[in-house]
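Down below is the structure, laid out as structure tokens.
Computed over heavy atoms, backbone and side chain alike; hydrogens, waters and symmetry mates excluded. What you see is a predicted model; the values in this text were computed from it and never measured.
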Amino acid sequence: MLDSGTALQGVDGSRVLSIDAMGGDNGPATVVAGLSLFLKKNPGTQVMLHGRAKELTPLLAKHGLTDIVILRDASDVVTMHDKPSHVVRHGKATSMWSAIEAVRTGEAGVVVSCGNTGGLMAMSMLRLRKIDGVNRPAIACLWPSRNKQGFNVMLDAGADIRADQDDLLIYALMGTSYARNAFDLKRPRVGLLNVGTEEHKGRAELKVAHELIGASAAKGDFEYVGFVEGGDLPGDACDVIVTDGFTGNVALKTGEGIANLISDFMRESLKRTPLSMLGALLARGALRSLKKRIDPRRVNGGVFLGLTKTVIKSHGSADATGVAAAISLAHRLADQHFSDRLASRLAASLPHESDRAAPPTQEQP
């Protein structure tokens with residue numbers, strides 16, 4: 001159904017999903033296929049799809065979604081090579097802008113896009129604005145772990161390469177709120193990523209952040225476990241891991257690379273000899289279970305935390321299964337009114353100036 005752009009009548013906009021169909025590496029066909037998978041499991045969900053109508057109309061018809069999905073025509077596309085500054089200045093006719101604008105006006109509650117991360121963040125900050133008290137929004141991702149919930153929350157995963165002690169405190173509070181909603185954890189455990197667990201290690205701002213987060217634990221209703229190391233990312237020492245965007249993004253891409261390497265090595269080993277192929281056949285049930293458990297597509301979707309509305313960034317190369325997972329995450333957070341709850345918790349948890357630790361002193365050489 002092609003919509004003229006007027007507000008939906010009689011619909012709770014906070015539960016409507018606004019999806020940018022044009023931004024991914026694999027094109028709109030994959031986004032529509034993922035949307036179809038999602039709607040088969042969640043019939044009745046209100047969805048607005050943004051993009052070029054001439055391309056999307058036949059795709060919606062192919063999946064039987066013509067009368068289910070509201071289509072907003074947008075002639076331009078934010079490419080993966082566009083600079084954020086260019087996107088902000090020249091992006092008003094793009095599908096990404098249209099998807100964000102629907103949330104800004106209250107027609108929808110959550111944005112989902114597979115597009116350019118920098119462009120999506122810049123445009124979201126411009127149109128949706130930051131929550132009071134947030135200097136730098138962060139991207140939160142789910143990391144497979146040994147915890148009972150199966151995942152840890154890590155942030156920032158690459159929204160901003162910098163983060164001072166106050167930013168890291170905000171990340172801890174936002175990550176805690178996300179963990180509560182994602183995993184139903186009443187009192188999440190928070191760790192601050194460092195080069196060691198000893199308190200004398202790390203940069204000056206990390207040491208101050210360590211004090212700030214520890215002092216805010218009681219008020220924020222979370223447990224602070226102190227410094228954690230890279231090996232704790234998939235471990236069970238904590239539920240939320242806080243770091244700056246440079247470190248977090250490097251860790252995330254490293255983890256993805258290692259996972260793909262191990263998968264390729266295992267596949268090669270299982271096909272090397274007739275005996276190993278027989279062993280693979282006998283163990284196929286266990287191997288299928290392992291593949292499902294560590295399948296990154298199941299947790300596709302980084303959440304932009306610190307904005308007045310919820311934005312989900314799907315991996316640009318996600319397939320239909322991955323897109324469906326990102327939309328499912330958006331659906332869950334929309335039902336929980338997550339952005340409103342996050343803003344309320346931040347307002348209640350942020351320390352007053354008198355509670356803050358002293359600024360870092362210059363370290364002696």
Side-chain angles (χ1 to χ4, degrees), residues 3 7-21 31-32 34-50 65 68-70 72 99-114 120 124 127-128 131 137-142 149-151 153 155 173-188 221 239-240 297-315 318 320-348:
D3 184 73
L8 302 178
Q9 299 297 320
V11 175
D12 179 4
S14 66
R15 286 186 164 85
V16 177
L17 309 182
S18 182
I19 302 174
D20 171 16
V31 176
V32 175
L35 176 59
S36 178
L37 291 176
F38 164 79
L39 288 173
K40 286 178 182 178
K41 295 183 178 180
N42 300 273
T45 303
Q46 294 285 338
V47 176
M48 298 175 66
L49 195 64
H50 305 259
L65 303 178
I68 300 173
V69 173
I70 298 166
R72 289 279 174 87
I100 293 171
E101 196 67 10
V103 170
R104 188 189 71 82
T105 60
E107 294 178 274
V110 181
V111 179
V112 181
S113 177
C114 300
L120 182 62
S124 297
R127 304 306 293 165
L128 303 179
I131 295 173
I139 301 176
C141 68
L142 299 182
Q149 66 266 19
F151 300 95
V153 176
L155 71 166
L173 296 173
M174 294 193 301
T176 297
S177 184
Y178 182 36
R180 282 194 182 92
N181 287 273
F183 305 132
D184 295 322
L185 299 176
K186 293 183 178 180
R187 191 175 171 82
D221 196 22
D239 308 297
V240 178
R297 300 177 302 171
R298 295 194 304 122
V299 291
N300 176 51
V303 185
F304 287 6
L305 300 180
L307 301 172
T308 58
K309 301 293 183 180
T310 303
V311 179
I312 307 293
K313 170 60 175 73
S314 169
H315 203 296
T321 300
V323 172
I327 299 173
S328 296
L329 175 60
H331 181 242
R332 184 166 70 250
L333 295 181
D335 278 349
Q336 296 171 343
H337 297 282
F338 173 68
S339 57
D340 294 335
R341 295 170 71 174
L342 173 59
S344 297
R345 183 165 289 276
L346 277 180

Considering all heavy atoms, the nearest A99-V111 contact = O-CG2, 3.8 Å
To the nearest 0.5 Å, how far apart are CZ in R127 and CG in L307?
-> 13.5 Å
Side-chain heavy atoms of L35 within contact of V323, under 4.5 Å = no
Going from CG on L65 to CG on L49, what distance comes out if it is rounded to the nearest 0.5 angstrom?
-> 9.0 Å
Which atom of V31 lies closest to which atom of A21, heavy atoms considered = CG2-O, 3.6 Å
So how far is it from L37 CG to I327 CD1, rounded to the nearest 0.5 Å?
-> 9.0 Å
Check residues 330-338 and write down every donor-acceptor pair under 3.5 Å in which the side-chain atom is one partner and the other belongs to a residue at least two apart or another chain.
from	atom 1	to	atom 2	distance (Å)
D335	OD1	R15	NE	3.2
Q336	NE2	N181	O	3.2

Mark yes or no for whether S36, through its side chain, and V32, through its backbone, hold a donor-acceptor pair below 3.5 Å.
-> no
Using side chain to side chain contact (heavy atoms under 4.5 Å, CB included) as the criterion, point out the one residue from T310, V311, L329 that pairs with V110.
-> T310
Heavy-atom closest pair, residues A318 and S314 | CB-OG, 3.7 Å
From I312 CD1 over to I139 CD1, what is the distance, rounded to the nearest 0.5 angstrom?
-> 11.0 Å
Do I70 and Q46 touch side chain to side chain, with heavy atoms closer than 4.5 Å?
-> yes
Nearest 0.5 Å please: distance from the OH atom of Y178 over to the SG atom of C141.
-> 8.5 Å
Sub-4.5 Å side-chain heavy-atom contact between R180 and D221 = yes
L17 vs F38 side-chain heavy atoms within contact, under 4.5 Å = yes
D239: salt bridge (Lys or Arg N to Asp or Glu O under 4.0 Å) partners, not counting sequence neighbours | R189
Cationic N near anionic O, under 4.0 Å, E107 to R72 | yes
Where is the tightest heavy-atom contact between V153 and L142, given as atom of each residue plus distance?
-> CG2-CD2, 3.8 Å
With sequence neighbours excluded, what pairs up with R345 under the salt bridge (Lys or Arg N to Asp or Glu O under 4.0 Å) test?
-> none
Using the side-chain contact (heavy atoms from CB on, under 4.5 Å) rule, take V69 and I19 through it: C-alpha gap first, then chi angles, then the decisive distance, then the call.
-> CA-CA 10 Å; V69 173; I19 302 174; over 6 Å; no
Spacing of CG belonging to L155 relative to OG1 belonging to T176, to within rounding of 0.5 Å | 9.0 Å
For residues M48 and V16, report the shortest heavy-atom separation together with the two atoms involved.
-> CG-CG1, 3.8 Å
Nearest heavy-atom neighbours spanning K313 and C114 | NZ-O, 3.7 Å
